[in-house]
*Asks:* 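Please read through the structure below; I'll follow up with questions.
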Amino acid sequence: MATNDYESGLKMLEELTTDAQQIQDQLLGEILSKNAETEYLQGFLHGQTDKQLFKKNVPIVTYEHLKPYIDRIANGEASSDILLVEPLIGFSLRHFGDINQAGKRMELMFAKPDVETPSGLKASAVSTRAFKGSSFKAILPKLYTSPFETIFCPDTKQSMYCQILFGLIQRDEVVMIGSIFASTVVRSIKFLENNWKELCSNIKTGQISEWITDSGCRNAASLMLKPNLELADLIEDVCSCKSWEGIIRKLWPKTKYIGTVCTGAMLQYTAELEFYCGGLPLVSGFYACSEGAVGINLEPLCKPSDVSYTFIPNTVYYEFLSIKEDCVTDSQNQVQLNAMSHHEDTGPVDLVNVKLGQCYEVLVTSSTGLYRYRVGDIIKVTGFHNNTPQFQFVGRQNVALGVDMERTSEADILKAVAEAKALLDPLGLILTEYTSYGDTSSTPGHYVIFWEIKPKEGNNNNKNGKELDPKVMEQCCSKMEDSLHFTYRMYRKENMIAALEIRVVKQGTFESLMDYFVTKGASLSQYKTPICIKSKEALNILDSRVIAKFFSPRTPIQDN
């Protein structure tokens with residue numbers, strides 16, 4: 001970025017964060033004035049645009065509340081008078097963020113096919129829309145290693161293979177490696193670990209593998225892939241080493257950082273990513289969601305566990321619902337949240353009126369037809385930049401385990417796993433992925449945590465589970481229970497919940513789980529392993545690959 005552009009950006013940021021209240025009020029006024037005559041707002045405001053009337057009359061809603069209106073638009077009813085004045089031209093499924101950096105970026109990008117509604121409107125991921133944009137197409141060859149055809153390849157395995165192949169060919173130009181989520185970066189390295197010999201063969205011969213049948217990928221390969229014995233031998237020497245620690249830096253020596261979201265549920269991938277990246281910074285540049293809420297990380301070089309984002313006041317109008325239970329910080333300075341419920345005696349507060357240290361659920365009102373919409377994200381206010389709050393992402397509302405009357409949040413699970421997986425270090429093992437579910441097939445029910453584990457040295461001798469020390473694994477079960485909230489521990493003591501179970505699965509199980517969700521419509525570039533499994537089919541995939549089971553041998557430690 002040129003110096004003048006950088007200074008201009010900083011000046012704009014200072015103005016936005018200093019005048020946050022004025023900008024927010026002005027934005028809300030513009031949204032209401034523009035859409036006052038819509039069917040939705042007419043029912044609550046009767047053509048008026050007063051802020052206090054808006055807060056008093058317009059209800060706080062979820063997607064289920066808006067679904068009947070959205071369905072009418074999707075089915076072909078004129079959209080210009082239902083939720084917003086301007087005619088709707090499509091639906092967004094997710095938000096796409098990007099970090100601009102000089103040099104070529106090896107970003108793993110996967111476009112998801114559009115879904116056509118009965119009226120002909122396209123529902124697509126925002127990332128896919130960005131990829132289709134003329135401005136992105138113009139900069140793609142100069143700034144990215146992945147050809148356009150590989151991004152839009154409908155076969156995610158072929159797409160992954162080709163994007164890694166072209167990233168290796170251009171290794172001397174790569175200054176950044178990343179994807180939207182850390183999980184995708186980790187999966188790409190695992191994919192490389194399983195396919196590097198074939199990739200080297202392609203580079204050596206200048207011919208792409210026959211199983212790559214997508215015409216776009218093959219055309220791109222015909223233009224870029226030339227025989228290069230020297231490069232193939234170099235990559236083979238690097239990849240055949242005993243340990244893959246620091247492999248990213250070895251294969252792409254000019255890389256300056258890993259650009260990907262490492263916060264929230266993605267924190268579970270940071271240990272393995274740090275192992276692979278050889279000391280490169282993990283940069284979580286943006287917080288974003290499809291509803292339009294946006295925050296930026298003003299200290300991109302800080303540790304993932306320390307990342308705070310600053311809200312951008314001119315994107316959407318924000319309100320915040322206070323959460324009853326206080327957020328807490330664990331021994332690794334990672335924000336966690338216990339039971340999540342709202343204060344009943346306080347209404348939503350504006351952006352500039354949030355309190356330091358308090359947890360909130362985010363509401364947005366946007367120019368795209370969302371009014372007081374519950375995004376579902378839980379954040380903790382960690383500070384202020386000028387008059388604008390900074391926050392850490394804590395978790396998602398209503399994502400929880402429960403086998404009795406207790407409710408365990410996503411953040412509770414994250415915290416418990418973080419505490420327990422530290423016991424694997426002396427064994428030379430890394431927890432690569434995990435998920436959970438509440439087993440109520442017997443009484444009392446119990447929590448099941450699926451773990452995929454691999455050796456640090458990457459020798460893959462642990463596939464049959466024989467190296468797992470049963471005592472240590474039982475300690476992991478107990479450590480998780482000790483780390484869970486008071487209600488869970490009390491129910492365990494009263495035998496209302498049975499002992500927590502860890503089921504170790506074969507290496508590659510979570511790849512199969514991802515493949516399943518992708519076949520059901522998930523976008524590979526935006527896929528996140530669910531913290532809690534709800535699907536019976538997904539559970540069957542996990543259970544069919546279990547190689548060892550361990551239970552907590554005691555009731556959890558109780559508070560004095």
Side-chain angles (χ1 to χ4, degrees), residues 103-110 141 144-151 153 155-179 184-255 258 272-273 275-278 280 432 454-461 463 507-508 511 514-515 524-525:
K104 279 208 170 184
R105 289 171 282 184
M106 182 182 162
E107 285 204 48
L108 285 305
M109 299 173 282
F110 304 89
Y144 296 87
T145 60
S146 297
F148 185 82
E149 295 85 350
T150 63
I151 298 171
C153 173
D155 186 312
T156 53
K157 184 179 179 181
Q158 293 188 49
S159 177
M160 175 77 82
Y161 185 92
C162 291
Q163 291 193 57
I164 293 175
L165 175 64
F166 296 135
L168 289 170
I169 292 172
Q170 303 169 81
R171 66 185 293 268
D172 290 331
E173 301 178 66
V174 173
V175 295
M176 181 275 243
I177 291 174
S179 191
T184 307
V185 182
V186 170
R187 287 192 180 93
S188 70
I189 300 302
K190 290 180 179 178
F191 187 92
L192 174 60
E193 197 168 1
N194 293 326
N195 295 278
W196 64 266
K197 291 182 180 179
E198 184 177 356
L199 288 160
C200 286
S201 176
N202 288 179
I203 295 171
K204 186 176 296 185
T205 62
Q207 298 292 322
I208 198 163
S209 298
E210 291 184 0
W211 67 270
I212 302 296
T213 57
D214 181 81
S215 59
C217 289
R218 296 197 70 87
N219 290 339
S222 68
L223 296 174
M224 297 183 64
L225 189 57
K226 310 297 179 186
N228 193 330
L229 179 61
E230 182 180 356
L231 177 59
D233 288 344
L234 185 152
I235 295 171
E236 185 173 348
D237 287 342
V238 173
C239 292
S240 60
C241 62
K242 181 180 179 181
S243 173
W244 270 46
E245 184 173 4
I247 194 70
I248 293 177
R249 178 164 265 173
K250 294 173 184 176
L251 287 174
W252 295 278
K254 295 182 181 179
T255 303
I258 309 297
E272 192 171 12
L273 198 50
F275 175 80
Y276 286 132
C277 74
L280 291 170
T432 59
K454 68 175 289 184
K456 287 184 178 179
E457 294 302 319
N459 56 25
N460 294 326
N461 290 332
K463 288 186 177 180
Q507 289 184 36
E511 294 284 340
M514 177 193 67
D515 290 342
L524 177 58
S525 63

*Asks:* With no hydrogens and no angle check, is any side-chain donor or acceptor of T150 less than 3.5 Å from a backbone partner on S159?
*Replies:* no
*Asks:* So, for L168 and L231, which heavy atoms are closest and what is the spacing to 0.1 Å?
*Replies:* O-CD2, 3.9 Å
*Asks:* If you define the side chain from C-beta out and look only at heavy atoms, does anything of L199 sit under 4.5 Å from Y161?
*Replies:* yes
*Asks:* With heavy-atom distances below 4.5 Å as the criterion, would you say the side chains of E107 and M176 are in contact?
*Replies:* yes
*Asks:* Are W244 and K250 side-chain neighbours, meaning at least one heavy-atom pair lies under 4.5 Å?
*Replies:* no
*Asks:* When you compare the side chains of Q163 and S146, does any donor N or O come within less than 3.5 Å of an acceptor on the partner?
*Replies:* yes
*Asks:* Could you tell me whether the side chain of K226 reaches within less than 4.5 Å of the side chain of I169, counting heavy atoms only?
*Replies:* no
*Asks:* Test side-chain contact (heavy atoms from CB on, under 4.5 Å) on L234 and R171 and set out the steps.
*Replies:* CA-CA 11 Å; L234 185 152; R171 66 185 293 268; 3.6 Å; yes
*Asks:* Using 0.5 Å steps for rounding, measure from the NZ atom of K204 to the CG atom of N228.
*Replies:* 11.0 Å
*Asks:* Taking atom SG of C162 and atom NZ of K157, what is their separation to the nearest 0.5 Å?
*Replies:* 12.0 Å
*Asks:* Given side chains that start at C-beta, do those of W196 and S240 come closer than 4.5 Å, heavy atoms only?
*Replies:* yes
*Asks:* To the nearest 0.5 Å, tell me how far T184 OG1 sits from I189 CD1.
*Replies:* 11.5 Å
*Asks:* Write down the atom of M109, the atom of Y144, and the distance for their closest heavy-atom approach.
*Replies:* CE-CD2, 3.6 Å
*Asks:* Tell me whether Q158 contacts the main-chain N or O of D214 through its side chain, where contact means a donor paired with an acceptor under 3.5 Å.
*Replies:* yes
*Asks:* Quick check: does any side chain N or O of E173 sit under 3.5 Å from a backbone N or O of K104, one acting as donor and the other as acceptor?
*Replies:* no
*Asks:* Hey, mind stepping through F166 and M106 against side-chain contact (heavy atoms from CB on, under 4.5 Å) and telling me if it holds?
*Replies:* CA-CA 9 Å; F166 296 135; M106 182 182 162; over 6 Å; no
*Asks:* Looking at every non-hydrogen atom in both residues, tell me the closest pair between V185 and S179 and how far apart they are.
*Replies:* CG2-N, 3.7 Å
*Asks:* Can you measure from CG (L273) to CD1 (I258) and round to the nearest 0.5 angstrom?
*Replies:* 6.0 Å
*Asks:* Assess whether side-chain contact (heavy atoms from CB on, under 4.5 Å) is satisfied between R187 and E511, documenting all intermediate values.
*Replies:* CA-CA 8 Å; R187 287 192 180 93; E511 294 284 340; 3.5 Å; yes
*Asks:* Which heavy atom in P147 sits nearest to a heavy atom in M224, and how many Å separate them?
*Replies:* CG-SD, 3.5 Å
*Asks:* Is there a side-chain contact between L251 and C239 (heavy atoms, below 4.5 Å)?
*Replies:* yes
*Asks:* Measure across S209 and R218 and return the closest heavy-atom pair with its distance rounded to 0.1 Å.
*Replies:* O-NH1, 3.1 Å
*Asks:* Taking the side chain as every heavy atom from C-beta outward, state whether T213 and D155 have any atom pair closer than 4.5 Å.
*Replies:* no
*Asks:* Does N202 use its side chain to pair, donor to acceptor, with the backbone of Q207 at less than 3.5 Å?
*Replies:* yes
*Asks:* So which heavy atom on S188 is nearest to which on I164, and how close?
*Replies:* O-CD1, 3.4 Å
*Asks:* Does a side-chain heavy-atom distance below 4.5 Å link I177 with T255?
*Replies:* yes
*Asks:* Pair K190, Y276 - check side-chain contact (heavy atoms from CB on, under 4.5 Å), show working.
*Replies:* CA-CA 10 Å; K190 290 180 179 178; Y276 286 132; 4.3 Å; yes
